[in-house]
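Remarks on the structure that follows.
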Amino acid sequence: VNTNERVMAWIMDTYSMHVRHTVTAVVTGKPVEMGGSLGRREATGRGCMIVTKEALGHLGMPVNGATIAVQGFGNVGSVAAQLLAREGCRIVAISDRSGAFYNRKGIDVAAAAAYVKQRKTLDDFGGGEPISNDDLLTLDVDVLVPAALENVITSRNAPKIRAKIICEGANGPTTAGADSVLDEKGVFVIPDILANAGGVTVSYFEWVQDRG
């Protein structure tokens, strides 16, 4: 959480200083020029996009025009939102720690990403109506992508969730108590071990190439 390629480079550099030789394989998610893998930053969000498309197809729901709410606008959420928008989905809500925004007609995700790149957060982003992070989770959408922190979907708010599919972009965003509630409601949950495995997969490739 709150790390990027530069932080991973610092970790590698500090470890290497202690052992007195360069050890690129000690950490993944590094810049390409320091032993990183092409596409690593986008890999987790790309995986979320792929499994969401598969889930929509499995349930007989169209990808084009599918409404999606994304909680979290870091590496995972922002990339997933941008790639899903390119596939024809309508991203109606996004959020980060500063707040959430809803636009029934669809949010310009590229503009939101550019805004965050410049301003660091979505605070005062003008692309939608401000709502709370709690309200985002219970919007009437086809897909909910919790891509922020763990334990955000609980037995308390699970009964109010109206999404037909949940794609767990974050690690452990759904509590055990909420799982049974969602199961009873017939919500199709793509578990984190699959949904966000793209990042782990490319991290493995990066580690292997560094070891080699």
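The structure displayed is predicted, hence computed values, not measured ones.
Ion pairing between E87 and K53 holds under the 4.0 Å rule for side-chain N and carboxylate O. Look at E5 and R41 and you find no salt bridge, because none of the NZ, NE, NH1 or NH2 atoms lies under 4.0 Å from a carboxylate O. Residues K30 and D210 are paired through a salt bridge, judged by an N-O separation under 4.0 Å between the basic side chain and the carboxylate.
Put simply, the side chain of Q82 gets close to the backbone of S78: a donor and an acceptor are under 3.5 Å apart. Between the side chain of K185 and the backbone N or O of K160, no donor-acceptor pair lies under 3.5 Å. Between the side chain of E129 and the backbone N or O of R104 there is no donor-acceptor pair closer than 3.5 Å. Without hydrogens or angle criteria, N4 side chain to V7 main chain gives a donor-acceptor distance under 3.5 Å. Under a 3.5 Å cut-off, the side chain of N103 and the backbone N or O of G128 do not form any donor-acceptor pair. The closest donor-acceptor contact from the side chain of R162 to the backbone of T138 lies under 3.5 Å. When atom types are taken as modelled, the side chain of D142 and the backbone of A66 share no donor-acceptor pair closer than 3.5 angstrom. Remark: the backbone N or O of T22 is not paired with any side-chain donor or acceptor of Y15 at under 3.5 angstrom. A donor-acceptor distance shorter than 3.5 angstrom exists from the side chain of D96 to the backbone of L122, with no hydrogens or angles considered.
None of I11, V23, T24 except one satisfies the side-chain contact (heavy atoms from CB on, under 4.5 Å) rule with S16; the exception is V23. Partner of L136 under the side-chain contact (heavy atoms from CB on, under 4.5 Å) criterion, chosen from I131, V152, V141, V92: I131.
Within 6.0 Å of CG in L38 there are 12 or fewer heavy atoms belonging to other residues, nucleotides or ligands. Under a cut-off of 6.0 angstrom, the local environment of CD1 in I193 is sparse, with at most 12 non-hydrogen atoms contributed by other residues, nucleotides or ligands.
Contact annotation: the side chain of I107 approaches that of F125 to within less than 4.5 Å [non-hydrogen atoms, C-beta and beyond]. Counting heavy atoms from C-beta on, the side chains of I94 and I91 come closer than 4.5 Å. E150 places none of its side-chain heavy atoms less than 4.5 Å from the side chain of N171.
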